[in-house]
2 protein chains.
Amino acid sequence: MKADEQIKAVSFVAKSGTGKTTLLEKLIAELRSRGCRVGAFKAVSHQFDIDQPGKDSYRMAAAGAEATLICAATKLAFVQTHSEQPDFNQLLSDYFQNVDIVLVEGHKRGDLPKIEVVRQEPHEPLLCCSDGYDPSYIAVASDCQLDLDIPVLDLNNPAVIADFLTDFFHI
Amino acid sequence: MKADEQIKAVSFVAKSGTGKTTLLEKLIAELRSRGCRVGAFKAVSHQFDIDQPGKDSYRMAAAGAEATLICAATKLAFVQTHSEQPDFNQLLSDYFQNVDIVLVEGHKRGDLPKIEVVRQEPHEPLLCCSDGYDPSYIAVASDCQLDLDIPVLDLNNPAVIADFLTDFFHI
């Protein structure tokens, strides 16, 4: 991918407990099986730990390293602390130049194309049309029959969602 | 730091079991206490796991994501698989623009400035002079008295090694 080309990214949004990660897991495997290089980007509001106490990388970060990189022949891992939340689009550009599509979880803001995940019959207005229709929503993935002006994709059929995405992004 | 400025990096090399990570841990804390932003870069020859089974990031990588980024307000973590070992200098440039110095472990090749770590009286030739003196070695850190043509720094005194590095790199 050329550096100046727009990163192809789609955000999966839902009310909490809707099983977004489970969907993403299936969708990653589906896209991967088609030869697609997939990136996953999870924006979290809480603190998290990825590393394990006692490991060298953990020790270096605990000692005060702001940036810790471990690199092996087939994998690298990087952990960085920052005082200001980095810009979302800059992160996309910095970390996902080598993939064909990025599946994003936990980023509702901005005009990134979005798919709303709806499990079971909703009792509240959908996020995509809670305050008029938000044009950044390109589809809804649901296990219910919903009557909407945007495509409603079968939540339990990752192949259908993968088809939709490869078509939408011309991958 | 400007993007075109050389990243200031030093590699700590030793025969295995010499306690490089312990030294780096102390040195990171010492440099950090002086207001220095420190990066740590560990090159490993074996496979490694940084993530923990069951966590979302682990699940996405396990499903086949080539690049997984988790970002919170104060920290980010990135894991990427690659088919070819990335270029060392490119990694330095890609991941350590925001620090003042990078302490490297496990990278013996190339002309990066190096400090050899020698614990206890060596019975074999030192790496820095096993095949004639290698000019990329800028010092030895040891707990022994050694008679060398390059500075021998006290391995158990991280402040002395920090002084040497800040002086060497004009930090």
Side-chain angles (χ1 to χ4, degrees), chain A residues 21-22 24-29 31-33 37-52 55-86 88 91-92 94-96 98-99 102-103 105, chain B residues 21-22 24-29 31-33 37-52 55-86 88 91-92 94-96 98-99 102-103 105:
Chain A
T21 305
T22 303
L24 259 61
E25 215 172 11
K26 290 179 184 165
L27 199 47
I28 289 165
L31 288 162
R32 179 65 182 265
S33 74
R37 295 166 305 166
V38 186
F41 182 166
K42 188 175 172 81
V44 295
S45 53
H46 53 83
Q47 195 47 270
F48 70 92
D49 274 317
I50 187 173
D51 211 345
Q52 299 172 51
K55 293 219 173 188
D56 288 356
S57 48
Y58 183 95
R59 290 167 60 187
M60 292 191 194
E66 288 191 23
T68 304
L69 179 68
I70 313 170
C71 187
T74 58
K75 182 160 80 170
L76 69 77
F78 179 64
V79 177
Q80 182 174 265
T81 56
H82 39 246
S83 50
E84 279 181 29
Q85 179 93 36
F88 179 81
L91 290 173
L92 274 184
D94 285 349
Y95 290 98
F96 295 105
N98 296 324
V99 297
V102 185
L103 308 185
E105 184 185 336
Chain B
T21 305
T22 303
L24 259 60
E25 215 172 11
K26 291 179 183 166
L27 199 47
I28 289 165
L31 288 162
R32 178 67 181 262
S33 74
R37 294 166 306 167
V38 186
F41 183 166
K42 188 174 173 81
V44 295
S45 53
H46 53 84
Q47 195 47 270
F48 70 92
D49 274 317
I50 186 171
D51 211 343
Q52 299 172 49
K55 293 218 173 189
D56 288 355
S57 49
Y58 183 95
R59 289 168 59 188
M60 293 192 195
E66 289 191 21
T68 304
L69 178 68
I70 312 170
C71 187
T74 58
K75 182 160 80 171
L76 69 77
F78 180 63
V79 178
Q80 181 173 265
T81 56
H82 39 247
S83 51
E84 280 181 28
Q85 179 93 36
F88 180 80
L91 289 172
L92 275 184
D94 285 349
Y95 290 97
F96 294 105
N98 297 322
V99 298
V102 184
L103 308 185
E105 184 184 336

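Just so you know, these numbers come straight off a predicted model, no measurement behind them.
- What you find for Asn98(B) and Glu66(A) is that their closest heavy atoms are O-OE1, 4.4 Å.
- Neither the backbone nor the side chain of Ser33(A) has a heavy atom closer than 4.5 Å to any heavy atom of chain B.
- Atoms CZ and OG1, from Phe41(B) and Thr68(A) in turn, are 11.5 Å apart once rounded to the nearest 0.5 Å.
- For the pairing with Cys71(A), the side chain to side chain contact (heavy atoms under 4.5 Å, CB included) check across His82(B), Gln80(B), Lys42(B) returns one residue only, His82(B).
- With a 4.5 Å cut-off on non-hydrogen atoms, Glu84(A) touches chain B through its backbone but not through its side chain.
- Between Gly64(B) and Arg32(A), the closest heavy-atom pair is O-NH1, 2.5 Å.
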Give the intermediate values and the outcome of side chain to side chain contact (heavy atoms under 4.5 Å, CB included) for residues Asp94(A) and Phe78(B). CA-CA 11 Å; Asp94(A) 285 349; Phe78(B) 180 63; over 6 Å; no
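- Contact tally against chain A (heavy-atom pairs below 4.5 Å) for Thr21(B), Leu31(B), Leu76(B): the top residue is Leu76(B).
- With sequence neighbours left out, Thr81(A) forms a side chain to side chain donor-acceptor pair (under 3.5 Å) with no residue at all.
- Residues Val79(B) and Lys75(A) approach most closely at CG1-CD, 3.9 Å, considering heavy atoms.
- Of the listed residues (Val102(B), Val44(B), Val38(B), Leu103(B)), the greatest number of heavy-atom pairs within a distance under 4.5 Å of chain A belongs to Val44(B).
- Contact annotation for Ile28(A): both backbone and side-chain heavy atoms come within less than 4.5 Å of a heavy atom of chain B.
- Qualifying salt bridge (charged side-chain N to carboxylate O under 4.0 Å, His left out) partners for Glu25(A), counting only residues two or more places apart in sequence or in other chains: Arg59(B).
- With a 4.5 angstrom heavy-atom cutoff, Leu24(B) touches chain A only via side-chain atoms.
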